[in-house]
Participant: 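A single structure is presented below for examination.
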Number of protein chains: 2
Amino acid sequence: MNIGDAATASGLPAKTIRYYEEIGLILPSRDGNGYRAFATRDVHRLAFLARARALGFSIEECRALMALYEDEDRASEDVKHLAEQHLQRIDRRIAELQALRDTLAGLVQSCAGDNRPDCPILDDLASAARPAQAESG
Amino acid sequence: MNIGDAATASGLPAKTIRYYEEIGLILPSRDGNGYRAFATRDVHRLAFLARARALGFSIEECRALMALYEDEDRASEDVKHLAEQHLQRIDRRIAELQALRDTLAGLVQSCAGDNRPDCPILDDLASAARPAQAESG
DNA sequence: ATGGGCCTTCCAGCTACTGTAAGGTCAAGG
DNA sequence: CCTTGACCTTACAGTAGCTGGAAGGCCCAT
C-alpha cells in the first residue's frame, strides 16, 4: 500500500505520515522503487496515532503510548498514568481559558461598541501600564 | 531606560521585547552606544502588549489593538469586535477541550491501572484502527 | 513520447518566543 | 590602566507539529 492509500485509510495526511516516519514513530518498509510500502499493521499504527493525537496527547506521549500498545507485557497502570497526567493538563488548560473567558466577557459586555472612542477594553489593557488607576483592593 | 529596566517595568522578558521590536510592535529609540532607550510611553505600550497577550490575543490582534489604542479617533465598536471574535474562539476552544476531557476521563475511569496488560484506553486508541470492533451504534 | 498522477527528498515557513554564542559598553575597584 | 562583572548588542538555532512548495523520479494510459 502506497502512502496515498495509507493516508486515506488512516485519516492522516501523507505529509504527516512522512513526518511521523522522520521522527521515528513508524517505519514502513520500502518497495524497489523507493516508495513506502505500508502493511496493514502500519495502517493500524497510523490510525492509533491519529486517535491519540486527536485526544490531545503530545507526540512524545504518543510515542510512549505506541510502545505500550506494542508491548504485550505492559501494565495498564502505565497507560493510565499517562492518561491521567494528560487529563490534569487539560483540566488546568480549561481552567485557564475559563478565567480568560470570564474576564474577556466582562470587558466585552462593558464596552458600548459604538462609534465613540471610549472603550473599557482598551482601558483595561492600558491599566496594566498605569497601575496608579488601581485594580487591586 | 535600558531594556532590562523596561523588562522589569513591563513584566516582559528582554528577549520578548527585542522580538516585539523585530516584528514592528514597538520602536524604541537608540542611545549613542546602540542601546535601546525606552521612554515611559514605550513602557506603557509594552505593558499594554503584555496584558493583551495574557488575555490570549494573538500578536496580530495585539498589533490591531495597539493601533486602536494609539488612535484617538477610534470607534469602540472596532475594539469590541476584536474582543468578541477572540471570545468566540476561546469558547470554541473550551468546548473542544471539554469534549476531550470527558472522553479521556471516561477512559481513565474504565482502566484498572494495575499490572495487567488489559487496557480500555489502548483499546479505544486502537479501535480507530479496527473499525470492525464497533464504536458506533 | 507525452501527459497526468502518483511518489521521492529537501528546504522554508507557520506562532511566539527562548536559548546560546560571540562580542561591545560601562561603572566600580585595585 | 586593567580587570571584573553586569549589562547591552546581533545573529542563528531550536521549540511543537506540522504544512507548503520546488525539483525531480516512477508508472500507466494513450
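FYI, side chains are in, hydrogens and waters are out, and symmetry mates aren't considered; it's all heavy atoms of this structure. All figures in this text were calculated on a predicted structure; none of them were measured in a lab. In what follows, every chain begins at residue 1, and chains take the letters A, B, ... in the order their sequences are listed.
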Participant: Test side chain to side chain contact (heavy atoms under 4.5 Å, CB included) on B/L107 and A/L55 and set out the steps.
Facilitator: CA-CA 11 Å; B/L107 290 173; A/L55 283 177; 4.1 Å; yes

Participant: Residues in side-chain hydrogen bond (donor to acceptor under 3.5 Å, both in side chains) with B/E70, at least two apart?
Facilitator: B/R45

Participant: What residues form a ring pair (Phe, Tyr, Trp, His ring centres under 6.0 Å) with B/F57, not counting sequence neighbours?
Facilitator: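 B/F57 satisfies ring pair (Phe, Tyr, Trp, His ring centres under 6.0 Å) with B/H86 once adjacent residues are dropped.
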
Participant: Rounded to the Å, how far apart are B/I17 CD1 and C/dG19 P?
Facilitator: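 Between P of C/dG19 and CD1 of B/I17: 15 Å.
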
Participant: Specify the residues of residues 88-96 of chain B, ordered by number, for which at least one heavy atom lies under 4.0 angstrom from an atom of DNA chain C.
Facilitator: none

Participant: Determine which pairs satisfy salt bridge (Lys or Arg N to Asp or Glu O under 4.0 Å) with at least one residue from residues 1-14 of chain B, sequence neighbours left out, and list them in order.
Facilitator: none

Participant: Return the set of residues passing side-chain hydrogen bond (donor to acceptor under 3.5 Å, both in side chains) with A/R53 (not counting sequence neighbours), or none when no residue passes.
Facilitator: none

Participant: From the 5' end of DNA chain D to its 3' end, which nucleotides mark the outer limits of contact with chain A, defined by a 4.0 Å heavy-atom distance cut-off (strictly under)?
Facilitator: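 Nucleotide range in contact with chain A: D/dG17 to D/dC27.
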
Participant: Quickly work out the B/D31 CG to C/dT25 P distance and round it to whole Å.
Facilitator: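 In whole Å, C/dT25 P and B/D31 CG are 13 Å from each other.
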
Participant: Restricting to pairs with a member in residues 12-23 of chain B, which pass side-chain hydrogen bond (donor to acceptor under 3.5 Å, both in side chains), not counting sequence neighbours?
Facilitator: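 Checked against side-chain hydrogen bond (donor to acceptor under 3.5 Å, both in side chains) - neighbours excluded - the pairs reaching residues 12-23 of chain B are B/E21-B/R30, B/E21-B/R36.
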
Participant: Five pairs per end, C1' atoms only: what is the angle between the end axes of the helix from C/dA1-D/dT30 to C/dG30-D/dC1, to 10 degrees?
Facilitator: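 Answer for the end axes of this duplex: 40°.
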
Participant: Does B/E96 pair with B/R93 as a salt bridge, N-O distance under 4.0 Å?
Facilitator: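 Salt bridge: yes.
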
Participant: Between N or O atoms, less than 3.5 Å apart, protein on one side and nucleotides 6-10 of chain C on the other: list the pairs.
Facilitator:
| unit_1 | atom_1 | unit_2 | atom_2 | d |
| --- | --- | --- | --- | --- |
| C/dC7 | OP1 | A/I3 | N | 3.4 |
| C/dC7 | OP1 | A/G4 | N | 2.5 |
| C/dT8 | OP1 | A/R36 | N | 2.9 |
| C/dT8 | OP1 | A/R36 | NH1 | 2.7 |
| C/dT8 | OP2 | A/R18 | NE | 3.1 |
| C/dT8 | OP2 | A/R18 | NH2 | 3.0 |
| C/dT8 | OP2 | A/R36 | NH1 | 3.2 |
| C/dT8 | O5' | A/R36 | NH1 | 3.4 |
| C/dT9 | OP1 | A/R30 | NH1 | 3.3 |
| C/dT9 | OP1 | A/R30 | NH2 | 3.3 |
| C/dT9 | OP2 | A/R36 | NH1 | 3.3 |
| C/dT9 | OP2 | A/R36 | NH2 | 2.7 |

Participant: Going by salt bridge (charged side-chain N to carboxylate O under 4.0 Å, His left out), name the residues that satisfy it together with B/E60, two or more places apart in sequence or in a different chain.
Facilitator: B/R63

Participant: With rounding to the nearest 0.5 Å, note down the distance linking SG in B/C111 to CG in B/L122.
Facilitator: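 Taking SG in B/C111 and CG in B/L122, the distance rounds to 8.0 Å.
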
Participant: For residues 91-124 of chain A, which residue pairs pass the ring pair (Phe, Tyr, Trp, His ring centres under 6.0 Å) check, not counting sequence neighbours?
Facilitator: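 Every pair satisfying ring pair (Phe, Tyr, Trp, His ring centres under 6.0 Å) with a residue in residues 91-124 of chain A: there are none.
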
Participant: Just grab all the salt bridge (Lys or Arg N to Asp or Glu O under 4.0 Å) pairs involving residues 103-116 of chain B, residues at least two apart or on different chains.
Facilitator: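 Every pair satisfying salt bridge (Lys or Arg N to Asp or Glu O under 4.0 Å) with a residue in residues 103-116 of chain B: B/D114-B/R116.
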
Participant: Distance check, rounded to the nearest 0.5 Å: B/N2 atom CG versus B/T8 atom OG1?
Facilitator: 11.0 Å

Participant: Could you tell me whether a side-chain N or O of A/R101 sits under 3.5 Å from a main-chain N or O of B/D91, the two making a donor and an acceptor?
Facilitator: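 Not a single qualifying donor-acceptor pair exists.
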
Participant: Please report the distance, rounded to the nearest Å, between CD1 in B/I26 and C1' in C/dA16.
Facilitator: 15 Å

Participant: Would you mind reading off the distance between B/F57 atom CZ and C/dT15 atom P, rounded to a whole angstrom?
Facilitator: 18 Å

